[in-house]
Q: 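There's a structure below that I have some questions on.
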Amino acid sequence: MSNPPDDTAERNTDIKTNASEEDSDELTYAAAGVDIEASEAATAALIDAVGESAGDYAGLIDIGDRYLALATDGVGTKLLVAAAMNDYSTIGIDCIAMNVNDLVAAGVRPVAFVDYLAIDDPDENLTEQIGVGLDTGADIADITLIGGETAVLPEVVDGFDLAGTCAGLTPKDGVFTETANPGDALVGFASSGIHSNGLTLARTAITREYEYTAPCPFDEYETLGAALLEPTRIYTDLLDPMHAHDVRTAAHITGGGLRNLERLGSHRYVIDDPFETPPIFEFVQSAGNVSDSEMYQTFNMGTGFVCAMSPKNAEMLAEATEGKIIGQVDTGEGVSIRGLEL
């Protein structure tokens with residue numbers, strides 16, 4: 001991966017925070033504070049305690065001729081960037097996106113959303129901005145906001161947290177119940193940036209040396225903080241074309257990065273033509289001295305959504321959308337991206 005432009009350090013000389021000699025050490029997600037293996041183990045323990053439910057990206061409830069589907073998620077530590085920038089106008093979009101995209105990955109059409117805001121001290125400016133983002137996200141996703149809960153919890157919450165639950169409805173034959181097959185093509189769809197996963201690593205890497213208010217050396221963003229706050233892309237527009245072109249299964253690329261492809265089935269996933277990596281990832285990698293494998297196992301790296309299907313149908317789907325064929329499914333196991341094994 002390429003390094004940020006040569007003028008990056010010069011442009012930010014006057015706004016660097018104190019850096020130590022240890023800043024050159026290679027940074028990992030675990031070292032930044034998120035241990036994926038420990039998280040997966042804790043999740044498995046919770047599932048063992050309550051029992052598994054039908055569905056993967058969404059929980060499915062049989063209501064006769066259809067399924068009612070539910071997904072729940074939050075915005076994560078992207079909230080800390082919003083607080084540092086005093087800009088809460090887009091995190092509502094992220095909250096909507098992280099939920100509806102999981103339903104889309106299941107083949108389900110999202111219909112309604114409820115949010116949950118936990119806050120230590122009510123702030124009208126903050127809640128108004130969050131509301132604007134939620135409304136915008138709902139418009140993009142073509143869903144209805146049907147209410148929510150604002151809980152004032154000064155002894156439980158330090159700052160605030162934002163999460164939500166999305167409901168969807170689908171005919172029973174609309175759910176992606178198959179797994180990928182060896183020989184299938186992988187159709188990818190670009191992300192809008194970091195989305196709402198891996199922000200702990202991104203924040204730790206950038207703040208080793210820079211403030212969020214540092215001028216951004218790439219794209220249209222004024223500051224590095226603004227680049228981190230780029231809203232998560234919403235993929236509901238893919239539902240009709242995916243069903244029309246017989247997608248077998250799909251993956252929303254979230255925590256765990258491109259290893260999410262393994263949720264498509266126990267096969268080998270080879271990506272030989274990925275989307276161009278957005279500059280924000282290259283900046284994070286350089287600032288944190290993060291390895292290629294750690295980047296691809298943490299971030300979407302430019303690919304936010306992937307479908308598996310027959311090669312013929314894949315070509316038609318790519319032509320009908322903004323997607324492209326990024327690779328294929330082989331026998332074996334693991335994920336390979338241009339020869340990098342994850």
Q: Evaluate the criterion salt bridge (Lys or Arg N to Asp or Glu O under 4.0 Å) for residue pair E315 and K324; output intermediate values, then yes/no.
A: CA-CA 8 Å; E315 291 178 3; K324 74 169 186 174; over 6 Å; no
Q: Looking at T90, L228, L229, which hits side chain to side chain contact (heavy atoms under 4.5 Å, CB included) with K78?
A: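 Only one of T90, L228, L229 forms a side chain to side chain contact (heavy atoms under 4.5 Å, CB included) with K78, namely L229.
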Q: Only one of L238, V187, T254 clears side chain to side chain contact (heavy atoms under 4.5 Å, CB included) with F305; which?
A: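 Going through the options one by one, the only one that passes is L238.
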Q: Going through the checks in order, is the ring-ring contact (aromatic ring centres under 6.0 Å, His included) test met by F281 and Y296?
A: CA-CA 10 Å; F281 295 109; Y296 278 100; 8.9 Å; no
Q: Carefully, step by step, assess Y212 and T207 under the rule side chain to side chain contact (heavy atoms under 4.5 Å, CB included).
A: CA-CA 7 Å; Y212 294 128; T207 56; 3.7 Å; yes
Q: Nearest 0.5 Å, please: how far is CD1 in I194 from CD1 in I280?
A: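 So the gap between those two atoms works out to 4.5 Å.
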Q: Once the angle between the rings of H243 and F176 is folded into 0 to 90°, is it parallel (under 30°), tilted (30 to 60°) or perpendicular (over 60°)?
A: tilted
Q: What's the separation between atom CD1 in I91 and atom CG in L134, rounded to the nearest 0.5 Å?
A: 8.5 Å
Q: Answer yes when R109 and D142 have at least one side-chain N-carboxylate O distance shorter than 4.0 Å, and no when they do not.
A: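 No, this pair does not count.
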Q: Do R233 and F189 form a cation-pi contact, if we require the NZ or CZ to be under 6.0 Å from the six-membered ring centre and within 45 degrees of the ring's axis?
A: no
Q: What verdict does the side chain to side chain contact (heavy atoms under 4.5 Å, CB included) test give for L117 and D161, after you've listed the backbone C-alpha separation in whole Å, the side-chain angles of each residue and the deciding distance to 0.1 Å?
A: CA-CA 6 Å; L117 174 64; D161 191 22; over 6 Å; no
Q: Could you go through the side chain to side chain donor-acceptor pair (under 3.5 Å) check for T200 and T77 one step at a time?
A: CA-CA 6 Å; T200 297; T77 65; 3.3 Å; yes
Q: Do T165 and F113 come close enough that some side-chain heavy atom pair is under 4.5 Å?
A: no
Q: Does a donor on one side chain and an acceptor on the other come within less than 3.5 Å for H245 and N313?
A: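 No donor-acceptor contact under 3.5 Å links the two side chains.
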Q: SG of C307 to CG of D246: how many Å apart, nearest 0.5 Å?
A: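 The distance works out to 12.0 Å.
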Q: Roughly how far, to the nearest 0.5 Å, is the CD1 atom of I271 from the CD1 atom of I326?
A: 4.0 Å
Q: Answer with yes or no whether the side chains of E230 and Y221 bring together a donor and an acceptor at under 3.5 Å.
A: yes
